[in-house]
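Just so you know, these numbers come straight off a predicted model, no measurement behind them.
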Amino acid sequence: GILIGRDSYIDVGENWLITGSGVFTCGTSTVRLTSNAGTRTIDPGASNFYNLTTGGVAIFRLSDNTIIENDLDIQSGTLDMSSFPSYNLTVTGNWTNSGTFNERLGTVTFNGGNQTLTNTAVETFYGLTLNNTSLTLVSANMNVTNTLTMTSGNIDAGTNRVILGTSTSNTGTLTYNSGTIIGEFERWINALGTDYEFPVGTVTNNNRATFRFLSGLTSGSLIVELISTDPGTSGLPLDDGGYTINASFPDGYWNVTASNSLACTDYNITLNGTGFTSVYTIDANTRIIKRTNGGDWQLDGSHSAASAPDCYRNGLNGISTLGTQFGLGLRACEGGTIDNT
């Protein structure tokens with residue numbers, strides 16, 4: 001049979017089952033599942049929802065992969081991705097959770113335009129795929145415990161944080177194609193010789209920071225954010241092996257904080273300066289400079305020639321729990337002659 005719902009509300013207090021040759025044509029309807037007891041099954045078959053709302057105190061458990069063409073609103077109760085197996089959930093509109101979401105081992109995909117995620121507590125996903133224009137965290141942190149896949153689209157964390165992994169024994173995996181994280185991105189760290197990428201930046205620029213820990217690592221987590229304001233010149237000029245670093249690029253800097261006991265005495269860093277063009281130009285001589293907790297700029301480690309827009313510094317020591325900032329420094333023009341004939 002065919003059930004057509006357009007611009008209407010459909011209230012169901014039991015299971016939602018589309019079986020056999022049954023088809024539900026959602027139109028622009030809202031299905032409201034409300035139950036005050038037990039476990040209810042959601043099996044949409046090959047049909048989609050437009051808006052889906054859950055209410056009451058029941059557990060609403062998926063028994064098939066589910067597509068929501070617009071908004072998901074977990075008003076109360078539990079939306080359960082199920083186990084053995086877990087199912088996947090695709091949301092094209094906004095995500096609002098005032099109840100409980102049990103992620104199990106399922107993957108949630110955001111594949112709309114400018115989407116929002118609202119929860120008063122940390123929203124936890126096992127697998128999360130971003131394939132949209134943007135996802136804005138309205139009111140809380142977001143934790144991806146297994147795999148964060150950034151196919152396209154930005155994550156705007158605002159004053160919140162994107163967290164990948166849960167501990168030094170479960171660091172999570174970043175699968176990256178494009179997009180940026182605007183705001184804080186925290187990753188768990190436990191391995192030497194691995195490139196840990198932090199695709200932070202702005203709405204228009206990916207200013208990723210990449211860390212490779214070489215020795216002296218105490219496992220923990222690292223929080224990275226791009227700050228798009230002038231970092232200032234306190235502590236400059238600096239001498240780097242006979243070359244003078246006399247200015248900082250005013251386009252921004254990276255704030256990096258060690259957390260959960262993380263420490264390292266020997267690491268390399270790569271910073272992507274895309275968009276750092278308002279005053280200076282990145283060239284092979286562009287230096288990475290470092291300071292602690294907003295203090296004076298210093299030099300640490302050794303310079304490796306930049307290849308625009310990427311800048312490199314090797315053999316650095318230490319990241320502060322109070323915040324270590326990294327910026328780009330300009331090497332002064334020295335020597336040579338001026339021909340004015």
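For Asn141 (side chain) and Val122 (main-chain N/O), no donor-acceptor pair under 3.5 Å exists by modelled atom type. For Thr78 (side chain) and Phe101 (main-chain N/O), no donor-acceptor pair under 3.5 Å exists by modelled atom type. Under a 3.5 Å cut-off, the side chain of Ser248 and the backbone N or O of Gly232 do form a donor-acceptor pair. Of the possible donor and acceptor atoms, one in the side chain of Asn154 sits under 3.5 Å from a partner among the backbone N and O of Thr180. A donor-acceptor distance shorter than 3.5 angstrom exists from the side chain of Thr54 to the backbone of Ser76, with no hydrogens or angles considered. For the pair Ser29 (side chain) and Cys26 (backbone), a donor-acceptor distance under 3.5 Å is present.
When only modelled atom types and interatomic distance are considered, Asn190 and Ser219 share no side-chain donor-acceptor pair under 3.5 Å. Asn272 and Thr274 form a side-chain donor-acceptor contact under 3.5 Å, judged by distance and modelled atom types alone. Using modelled atom types, one finds a donor on one side chain and an acceptor on the other under 3.5 Å when comparing Asn97 with Glu123. Between the side chains of Ser234 and Asp296, at least one donor N or O sits under 3.5 Å from an acceptor N or O. Side-chain atoms of Asn255 and Glu225 form no donor-acceptor pair, as typed in the model, at a separation below 3.5 Å. In this model, a donor atom of one side chain and an acceptor atom of the other lie less than 3.5 Å apart for Ser134 and Asn114. Looking at Asp73 and Thr96, their side chains never bring a donor and an acceptor atom within 3.5 Å of each other.
The OG atom of Ser63 sits 14.0 Å away from the CZ atom of Arg40 when rounded to the nearest 0.5 Å. If you take CG on Asn293 and OG1 on Thr324, they are separated by 8.5 Å, rounding to the nearest 0.5 Å. A distance of 9.0 Å separates OG of Ser228 from CD1 of Ile182, quoted to the nearest 0.5 Å. Thr202 OG1 to Ile227 CD1: the interatomic distance, rounded to the nearest 0.5 Å, is 12.5 Å.
Residues Val31 and Phe49 approach most closely at CG2-CD2, 3.8 Å, considering heavy atoms. When all heavy atoms of Leu89 and Leu72 are compared, the pair lying nearest together is CD2-CD2, 4.1 Å. Annotation for Ile163 and Asn143: closest pair O-ND2, 3.1 Å, computed over non-hydrogen atoms. The minimum heavy-atom distance between Pro231 and Arg291, with the atom names listed, is O-NH1, 2.7 Å.
No side-chain heavy atom of Arg331 sits less than 4.5 Å from a side-chain heavy atom of Asp283. A heavy-atom distance below 4.5 Å is found between the side chains of Thr129 and Thr107. Side-chain contact between Val256 and Gln325 is absent, with no heavy atoms from C-beta onward closer than 4.5 Å.
Under the 30°/60° scheme for interplanar angles, the aromatic rings of Phe125 and Trp95 are found to stand perpendicular. Relative orientation of the Trp254 and Phe276 rings is parallel, given thresholds of 30° and 60° on the angle between their planes.
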Show the atom names and distances, to 0.1 Å, of all donor-acceptor pairs under 3.5 Å that link a side chain in residues 146-153 to residues at least two apart or in another chain.
{"unit_1": "Ser152", "atom_1": "OG", "unit_2": "Asn131", "atom_2": "OD1", "d": "3.1"}
{"unit_1": "Ser152", "atom_1": "OG", "unit_2": "Asn132", "atom_2": "O", "d": "3.4"}

Under 3.5 Å, side-chain donor or acceptor atoms of residues 314-322 against the rest of the protein: list the pairs with distances, not counting sequence neighbours.
{"unit_1": "Ser320", "atom_1": "OG", "unit_2": "Leu322", "atom_2": "N", "d": "2.9"}

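Around the OH atom of Tyr176, the shell of radius 6.0 Å holds more than 12 heavy atoms that belong to other residues, nucleotides or ligands.
Under the salt bridge (charged side-chain N to carboxylate O under 4.0 Å, His left out) criterion, Glu186 pairs with Arg161, sequence neighbours left out. Partners of Pro237 by side-chain contact (heavy atoms from CB on, under 4.5 Å), not counting sequence neighbours, listed by chain and number: Thr244, Asn246. Listed by chain and residue number, nothing satisfies the ring-ring contact (aromatic ring centres under 6.0 Å, His included) test with Tyr50 (two or more places apart in sequence, or in another chain).
Ring centroid separation for the pair Phe211 and Tyr196 does not come in under the 6.0 Å cut-off.
Electrostatic pairing of Asp300 and Arg313 does not count as a salt bridge here, judged by no charged N lying under 4.0 Å from a carboxylate O. Of the charged side-chain nitrogens involved, at least one lies within less than 4.0 Å of a carboxylate oxygen, so that Asp310 and Arg208 count as a salt-bridged pair.
Counting side-chain heavy-atom gaps under 4.5 Å among Ile, Leu, Val, Met, Phe, Trp and Tyr, the cluster of Trp297 also holds Leu236, Leu238, Ile245, Ile289, Leu299.
Across Leu17, Thr34, Ile42, Leu33, a single residue satisfies side chain to side chain contact (heavy atoms under 4.5 Å, CB included) together with Val12, and that is Leu33.
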